[in-house]
Amino acid sequence: MARPPARPLPPRVLPPDLPPDLGEIVGFTPREEHFRARITGLGGESDASHSDITECVVVAASVDRLDVTGATLVDVRIDELRATAVHGREARLRRVRLSGGRIGTLDLTAAGVDEVELRGVRIDYLTLGGAKVADLLVAGCTIATLDLPQATLSRVRFDDSRADEVDTRGMRADSLDLRGLDAAAYLDVGSLRGATLSTWQVEQLAPAFAGALGVDVQD
């Protein structure tokens, strides 16, 4: 009889499938199809809301606001983005890699996230509230506040990353590997069911676990 796979299951993350030759598009247009292109010339307020962005590379850019609300991004690489805010509520992301750069607010509330990699990004506020997330890798990232309320997470792993505060209220998780996340505080340790922690992390969180279980700890 076959043994069940060891848990936590690793995320299945592949790099974006990009063609060798890309055309060039200057800036985004909302409610448009952007296909097989290098997106250049982003700045100020950039609006790609409700667009279809497929097999594209977004080159290094500095923007005040990038709006991908309700957009669909498939096989997209975003390099060294510096943004005050990225709004991606109800967006759909599949095989997207975001590497480097600095983002003030990354709002993926109620988004669909599948085969996504965040690597080496500094983010002040990342929210995945109510999002459905499968196969996410967060590596080498520094996140001040990570909000996951009511999120559904499957095969998610953090490597060599840090967060000041993690809001897990109402979160549902399966194969959530937090061993590579150095988090100063979790707002609701009772919602960590389905997550994997290191022995050291459990020792640090012991008072919070005891409090969640109604255990009175005294010397």
Chemist: Judged by atom type as modelled, is there a donor-acceptor pair below 3.5 Å linking the side chain of Ser51 to the main-chain atoms of Arg31?
Modeler: yes
Chemist: Is any side-chain heavy atom of Val57 closer than 4.5 Å to a side-chain heavy atom of Asp79?
Modeler: yes
Chemist: Any donor-acceptor pair under 3.5 Å linking the side chain of Asp75 with the backbone of Glu55?
Modeler: no
Chemist: Do Glu115 side-chain atoms and Val13 backbone N/O form a donor-acceptor pair below 3.5 Å?
Modeler: no
Chemist: If you define the side chain from C-beta out and look only at heavy atoms, does anything of Arg172 sit under 4.5 Å from Gln150?
Modeler: yes
Chemist: Answer yes or no: is there a donor N or O on one side and an acceptor on the other, between the side chain of Ser49 and the main chain of Asp67, under 3.5 Å?
Modeler: no
Chemist: Can you tell me how far apart CZ (Arg95) and CG (Leu73) are? Round to the nearest 0.5 Å.
Modeler: 12.0 Å
Chemist: Within the distance-only criterion (no hydrogens, no angle test), does the side chain of His87 pair as donor or acceptor with the backbone N or O of Thr105 below 3.5 angstrom?
Modeler: no
Chemist: I'd like to know if the side chain of Ser191 and the backbone of Val189 have a donor-acceptor N/O pair within less than 3.5 Å.
Modeler: no
Chemist: I'd like to know if the side chain of Thr168 and the backbone of Asp188 have a donor-acceptor N/O pair within less than 3.5 Å.
Modeler: yes
Chemist: Give a yes or no on this: more than 12 heavy atoms of other residues, nucleotides or ligands lie within 6.0 Å of atom CD of Glu33.
Modeler: no
Chemist: For Asp160, look at atom CG and say whether over 12 heavy atoms of other residues, nucleotides or ligands are found less than 6.0 Å away.
Modeler: no
Chemist: So, do Leu176 and Phe158 sit near enough that their side-chain heavy atoms are less than 4.5 Å apart?
Modeler: yes
Chemist: Do other residues, nucleotides or ligands put more than 12 heavy atoms under 6.0 Å from Arg102 CZ?
Modeler: yes
Chemist: Just by modelled atom types, is the Pro149 backbone N or O under 3.5 Å from a matching donor or acceptor in the Asp147 side chain?
Modeler: no
Chemist: Do the non-hydrogen side-chain atoms of Leu93 and Val68 ever get within less than 4.5 Å of each other?
Modeler: no
Chemist: Using only atom types and a distance under 3.5 Å, with no angle test, would you say the side chain of Gln201 pairs donor to acceptor with the backbone of Leu181?
Modeler: yes
Chemist: Between Ala48 and Ala71, what is the shortest heavy-atom contact and its length?
Modeler: O-CB, 3.6 Å
Chemist: Check this for me: Arg92, atom CZ, are more than 12 non-hydrogen atoms of other residues, nucleotides or ligands nearer than 6.0 Å?
Modeler: yes
